[in-house]
Amino acid sequence: MDCFERIEALIDAASADAIDRARVLLDQFDDKSQTIVQAIDDFLLDLMTLVFVIESTQEMFHNPARRLAHMKLTRVRLLLAS
């Protein structure tokens, strides 16, 4: 299972420790370009938002928040592939 598959699983689980675990997995890319670092920061912020939404709101908001986190992770993946 590669880094991004693990992070996808963290998005789907969205537990309190998901943010720290995702940050550890993404640390391997911290020496990349400023654009990639910013994309990672944006993703982590959305993951934090997802965890907050799941912990404090109604279930109807969970899937849109998950979709947003998945989209931001896709952006990170595409930036790293180019």
Side-chain angles (χ1 to χ4, degrees):
M1 183 182 277
D2 77 350
C3 168
F4 291 102
E5 289 173 351
R6 289 180 183 163
I7 295 172
E8 294 275 350
L10 292 173
I11 292 170
D12 293 335
S15 62
D17 69 332
I19 299 156
D20 292 331
R21 292 171 61 193
R23 186 176 282 122
V24 167
L25 289 167
L26 292 168
D27 275 348
Q28 63 185 309
F29 305 114
D30 67 352
D31 62 339
K32 302 295 181 187
S33 74
Q34 184 59 34
T35 303
I36 292 171
V37 170
Q38 183 62 49
I40 289 171
D41 287 346
D42 290 346
F43 164 73
L44 289 172
L45 181 60
D46 285 337
L47 185 57
M48 288 179 219
T49 303
L50 170 62
V51 170
F52 172 79
V53 165
I54 287 179
E55 290 179 349
S56 63
T57 64
Q58 298 175 7
E59 192 171 324
M60 66 181 171
F61 296 112
H62 297 187
N63 284 338
R66 274 195 178 91
R67 252 191 324 273
L68 179 60
H70 280 290
M71 288 177 5
K72 291 290 179 85
L73 182 61
T74 298
R75 180 173 182 248
V76 172
R77 185 181 289 168
L78 291 172
L79 286 170
L80 286 168
S82 59

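For reference, positions follow the sequence shown, starting with 1.
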Residue list, salt bridge (Lys or Arg N to Asp or Glu O under 4.0 Å) with D27, at least two apart or on another chain: none

ILVMFWY network linking V37 to F29, side-chain heavy atoms under 4.5 angstrom: no

Same apolar cluster (I L V M F W Y, side chains within < 4.5 Å links), V53/M71: no

CZ-CG distance between R6 and L26, expressed to the nearest 0.5 angstrom: 12.0 Å

Nearest heavy atoms of D12 and H70, plus distance in Å: OD1-NE2, 3.2 Å

Closest non-hydrogen atom pair, I11 against L50: O-CD2, 3.5 Å

ILVMFWY network linking I19 to L68, side-chain heavy atoms under 4.5 angstrom: no

Cluster link L44 to V24, ILVMFWY, side chain under 4.5 Å: no

Heavy-atom closest contact (L10 atom, A18 atom, distance): CD1-O, 3.8 Å

Within 6.0 angstrom of R66 CZ, more than 12 heavy atoms from elsewhere: yes

Closest non-hydrogen atom pair between F4 and V76, with its separation: CE2-CG1, 4.0 Å

OG1 on T49 to CD1 on I54, rounded to 0.5 Å: 11.0 Å

Shortest non-hydrogen contact between L47 and A22, atoms and distance: CD2-CB, 3.7 Å

Side chain to side chain donor-acceptor pair (under 3.5 Å) partners of residues 71-82, not counting sequence neighbours, each pair once: D46-K72

E59 atom CD: more than 12 heavy-atom contacts under 6.0 Å: no

Rounded distance [0.5 Å steps], NZ in K32 versus CG in L79: 12.0 Å

Within one Ile-Leu-Val-Met-Phe-Trp-Tyr cluster: L73 and L45, side-chain cutoff 4.5 Å: no

Heavy-atom pair of closest approach, residues V51 and A16: CG1-CA, 4.2 Å

Name of the residue among I36, T35, D42 meeting side chain to side chain contact (heavy atoms under 4.5 Å, CB included) with Q38: D42

